[in-house]
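Each remark here refers to the structure printed beneath this line.
Keep in mind that this is a model prediction, so the values were computed, not measured. Below, read A as the first sequence line, B as the second, and so on, with proteins coming before strands; counting in each chain starts at 1. Scope of the values below: all heavy atoms of this structure, side chains included, with no hydrogens, waters or symmetry mates.
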2 protein chains.
Amino acid sequence: MSKEASKSDASIRASSPNLDVYRQLFDSILEQRLAPNTKLNEQDLAQVFGVSRTLVRQALQRLGAEQVVVMHKNRGAFVAAPDAVLAQQILDARELIEMAVINLACGKLSLQSVNNLQMMIELEQEALDQGDTGTALRRSGEFHLRLAEAAGNQSYVHILRGLISQTSLIIAMYGQGGGNNCARDEHFELLQALQNGQHEKSQNLMLHHLGHVRTGCDFKRRVNSGSLANLLAG
Amino acid sequence: MSKEASKSDASIRASSPNLDVYRQLFDSILEQRLAPNTKLNEQDLAQVFGVSRTLVRQALQRLGAEQVVVMHKNRGAFVAAPDAVLAQQILDARELIEMAVINLACGKLSLQSVNNLQMMIELEQEALDQGDTGTALRRSGEFHLRLAEAAGNQSYVHILRGLISQTSLIIAMYGQGGGNNCARDEHFELLQALQNGQHEKSQNLMLHHLGHVRTGCDFKRRVNSGSLANLLAG
DNA sequence: AAAAACAATATTGTATACAATCTTATAGAA
DNA sequence: TTCTATAAGATTGTATACAATATTGTTTTT
């Protein structure tokens with residue numbers, strides 16, 4: 001019915017149709033418009049986004065590779081729903097990588113990198129101020145990603161990209177809101193410590209920061225699985 | 001019913017058209033039938049494998065996600081050719097993950113896991129004896145993967161899977177042959193140390209083992225890019 | 001009434017057809 | 001000759017059509 005409307009929405013940044021479908025799906029998952037365990041019917045999604053199943057499938061496969069959705073042969077794709085155990089394992093992995101990034105970056109950031117990162121912090125704050133938590137979450141992730149880039153190991157960047165996606169999903173599933181307000185100051189402090197070459201302090205700040213993700217989650221919480229209908233509201 | 005059951009049992013390995021294309025492409029790259037930088041023409045591959053471009057594209061996208069091939073928008077897919085710098089970064093990342101696996105697994109392997117791993121070693125040795133270095137390389141990778149599974153962090157497993165793919169590509173590009181013969185004994189020794197809970201020894205063995213990958217490579221070597229025609233020989 | 005078997009439907013998997021883009025070869029002008 | 005413009009061909013991007021499989025609902029049997 002509102003096929004036309006959703007299509008024009010999509011073409012606001014219509015640079016690359018396939019990437020667009022991927023990103024919209026991704027965002028929809030992170031912002032809980034698509035709840036964990038939701039079945040992702042290809043045809044329905046195709047109509048919602050105004051594209052063919054081909055592009056939907058591409059996006060789903062990519063999300064599958066990132067483990068943001070799980071795919072069952074001949075049965076389709078579902079929004080991933082990592083249990084508490086897996087969530088902790090993912091956060092462990094992220095901690096491992098982020099600490100390695102810290103060790104590479106501490107005291108070695110170029111001025112350009114610092115400025116770049118500073119800008120990312122501003123953008124994240126901006127989203128937070130506007131109450132756009134979805135965007136804020138994505139920008140926070142981008143800060144960490146840019147930091148890894150600045151650290152200079154491309155492999156870490158690639159790995160971290162996946163882990164951040166999954167972390168975002170975990171926060172979406174188990175997060176309780178409140179805990180993320182301090183994120184901005186933490187990013188800022190971390191950047192300072194890195195710039196000053198304060199190795200141990202940088203490590204502790206990163207650990208503390210990632211620890212907030214854990215403490216900000218209630219792993220007992222049971223998330224109800226929604227339906228595709230929620231997507232139309234967005 | 002029983003037919004279905006046996007089929008799903010078998011699907012752990014392969015034998016789904018799309019997975020098959022992926023695996024064949026992957027193996028072809030690792031065994032240098034498809035040299036680095038080779039352009040992967042979709043139509044040609046489709047004809048070689050006797051499937052439609054659809055399946056070829058799926059496989060290419062998956063390989064792209066694993067960074068075994070690189071994709072250029074509107075220009076197609078090419079076999080990845082990590083330069084020396086990136087190769088070192090990838091090996092650094094792998095070292096990081098493998099060491100984390102060691103720390104989890106040391107002294108905590110179930111008897112079943114140990115037996116499982118022992119079997120993997122045998123299989124790898126078998127391939128080596130037959131001079132099938134491609135298979136041996138893959139089995140070696142599978143050993144490391146199973147070890148990560150036994151260690152109990154699924155996220156490490158997923159990350160390591162990608163890193164092993166890339167490591168294999170690096171070995172295929174820069175490897176000089178000789179260095180990998182000791183791999184079997186090293187896997188065996190490592191397993192023993194892990195089983196006995198010898199923490200430091202396990203760490204050192206793993207570091208030594210991965211170090212062999214580096215020393216077994218000549219990063220000055222320049223690899224000539226081949227063409228798809230080589231595939232027909234396999 | 002409950003369970004099993006079957007038919008009807010819906011959904012995913014794969015192949016083909018069409019559109020958009022890039023590459024290459026050719027022709028013309030400086 | 002060399003450079004540019006352009007047109008023809010080849011290749012990738014996307015949509016649609018068809019095949020295989022799973023799901024659902026009905027009927028039949030116990």
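- Every residue two or more places apart in sequence or in another chain was checked for a ring-ring contact (aromatic ring centres under 6.0 Å, His included) with A:Y156, and none qualifies.
- The CD-P distance, from A:E42 to D:dT21, rounds to 16 Å in whole Å.
- For the pair A:D20 CG and D:dG13 C1', the computed distance is 15 Å after rounding to whole Å.
- Distance A:M71 CE to C:dT12 P: 9 Å, rounded to the nearest Å.
- Between B:R214 and B:E95 there is a salt bridge, with a side-chain nitrogen of the basic residue lying less than 4.0 Å from a carboxylate oxygen of the acidic one.
- For the pair B:H72 NE2 and D:dT11 P, the interatomic distance rounds to 17 Å; values are reported in whole Å.
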message: Protein within reach of the bases, or only the backbone? For nucleotides 14-24 of chain C, mark each nucleotide 5' to 3' as B, S or -, using heavy atoms under 4.0 Å.
response: BBB----SSS-
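- In terms of the side chain to side chain donor-acceptor pair (under 3.5 Å) criterion, A:T133 has no residue partners (sequence neighbours excluded).
- With sequence neighbours excluded, the residues forming a side chain to side chain donor-acceptor pair (under 3.5 Å) with A:N18 are A:S16, listed by chain and number.
- For B:D132, there are no salt bridge (Lys or Arg N to Asp or Glu O under 4.0 Å) partners two or more places apart in sequence or in a different chain.
- In the helix from C:dA1-D:dT30 to C:dA30-D:dT1, the end axes, each obtained as the rotation axis mapping the C1' atoms of four pairs onto the next four within a five-pair block, lie 10° apart to the nearest 10 degrees.
- Applying the side chain to side chain donor-acceptor pair (under 3.5 Å) definition to pairs two or more places apart or across chains, those involving residues 108-118 of chain A are A:S110-A:S113, A:N116-A:R146.
- Applying the side chain to side chain donor-acceptor pair (under 3.5 Å) rule to A:Q58 yields no partners; only residues at least two apart in sequence or on another chain are considered.
- The interatomic distance linking B:Q43 (CD) with D:dA10 (C1') rounds to 9 Å, in whole Å.
- For A:Q154, the side chain to side chain donor-acceptor pair (under 3.5 Å) test picks out no residue, with sequence neighbours left out.
- Here D:dT12 presents its P atom at 13 Å from CD of B:Q61, a figure rounded to the nearest Å.
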